[in-house]
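Just so you know, ligand 1 is whichever comes first in the structure, and atom 1 is the first atom listed for that ligand. All of these numbers come straight from a predicted model, not from anything done at the bench.
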Amino acid sequence: MDPAGQLAYTDAYARSVEARVATVDDSGETALVVLDRTVFYPGGGGQPSDRGLMLRASDGRQWAVRAARKTGGDIVHELEPTSDGPPQRDDVLRVDLDWARRFALMRTHTALHALCGVVWRDYGALVTGGNMEPGGGRMDFEFERMSGDLVDEIEAKVNTELAAHRQVRVNVLPRDEAFAIPDLIRTKINLLPEGIREIRTIEIVGLDLQADGGTHVANTSEVGGIRVTGYESKGRINKRIRLELVDPAG
Ligand SMILES: [Zn+2]
């Protein structure tokens with residue numbers, strides 16, 4: 001599969017595309033389908049994979065896609081089991097995302113990066129990991145000073161940044177160039193495998209810059225507001241902060 005056909009990385013707002021079936025593996029419990037192009041995000045970086053549909057124009061048949069994943073450079077679509085079989089090689093299909101779910105994930109992912117930006121800028125704490133569902137998620141920090149008293153302050157600061165209409169930009173940089181950016185080093189870019197020659201970054205202009213493979217909104221105003229719903233101590237230094245979108249449906 002040509003990387004240029006993996007549209008989620010270059011256009012997070014592409015929700016539908018016409019594609020041709022490249023391979024079908026029907027040997028397991030569910031059929032696995034690779035297309036020549038797709039709008040599906042295969043999961044990674046704490047963002048779950050998309051769900052959606054494939055529709056065959058020639059006879060109107062459709063298949064539900066319950067997940068996707070990256071295997072050997074390809075985005076593999078995992079179909080819901082059906083009694084009358086998967087699509088065939090060379091079929092032309094329309095591929096549609098469950099857009100409400102994807103857009104909620106984009107808003108959530110950008111909100112979590114805004115949280116990282118605020119926590120780094122104002123408290124000097126490094127992010128160590130994160131995870132999300134549509135509408136809510138968590139980030140882990142090396143944040144010794146974090147306490148329950150800080151929750152309201154952090155929530156207010158993140159909401160101020162989101163309301164500031166900051167642009168969110170995607171860039172792809174040669175590895176050496178990326179390694180020269182101090183802001184990227186703090187997100188443990190040095191843990192990326194040697195073989196990766198180019199590094200994709202997400203920049204919330206003026207707030208946050210991270211190496212990241214996920215899908216994001218184009219402007220922080222699209223996130224709306226967030227609520228910090230909790231924090232947990234995972235040890236003396238490691239702290240977990242949870243947030244949710246105030247209006248998960250957008
Ligand atoms: Zn991210």
Query - Aromatic ring pairing F103/W99, orientation class (parallel under 30°, perpendicular over 60°, tilted between) - result: parallel
Query raised in the report: When you check the side-chain N and O atoms of T215 and Q47, is any donor under 3.5 Å from an acceptor?
Result: yes
Query raised in the report: Does R102 reach the main-chain N or O of A12 with its side chain, forming a donor-acceptor pair under 3.5 Å?
Result: yes
Report summary line: R15 meets the salt bridge (charged side-chain N to carboxylate O under 4.0 Å, His left out) criterion, sequence neighbours left out, with none
Query raised in the report: Taking only residues two or more places apart in sequence, or in another chain, which ones meet R169 in a side-chain contact (heavy atoms from CB on, under 4.5 Å)?
Result: Q167, N171, E203, V205
Query raised in the report: Which protein N, O or S atoms lie under 2.8 Å from the Zn ion (ligand 1), given by chain and residue number?
Result: H109 NE2, H113 NE2, D212 OD2
Report summary line: The side-chain hydrogen bond (donor to acceptor under 3.5 Å, both in side chains) partners of Y123 (sequence neighbours excluded) come to E153, K157
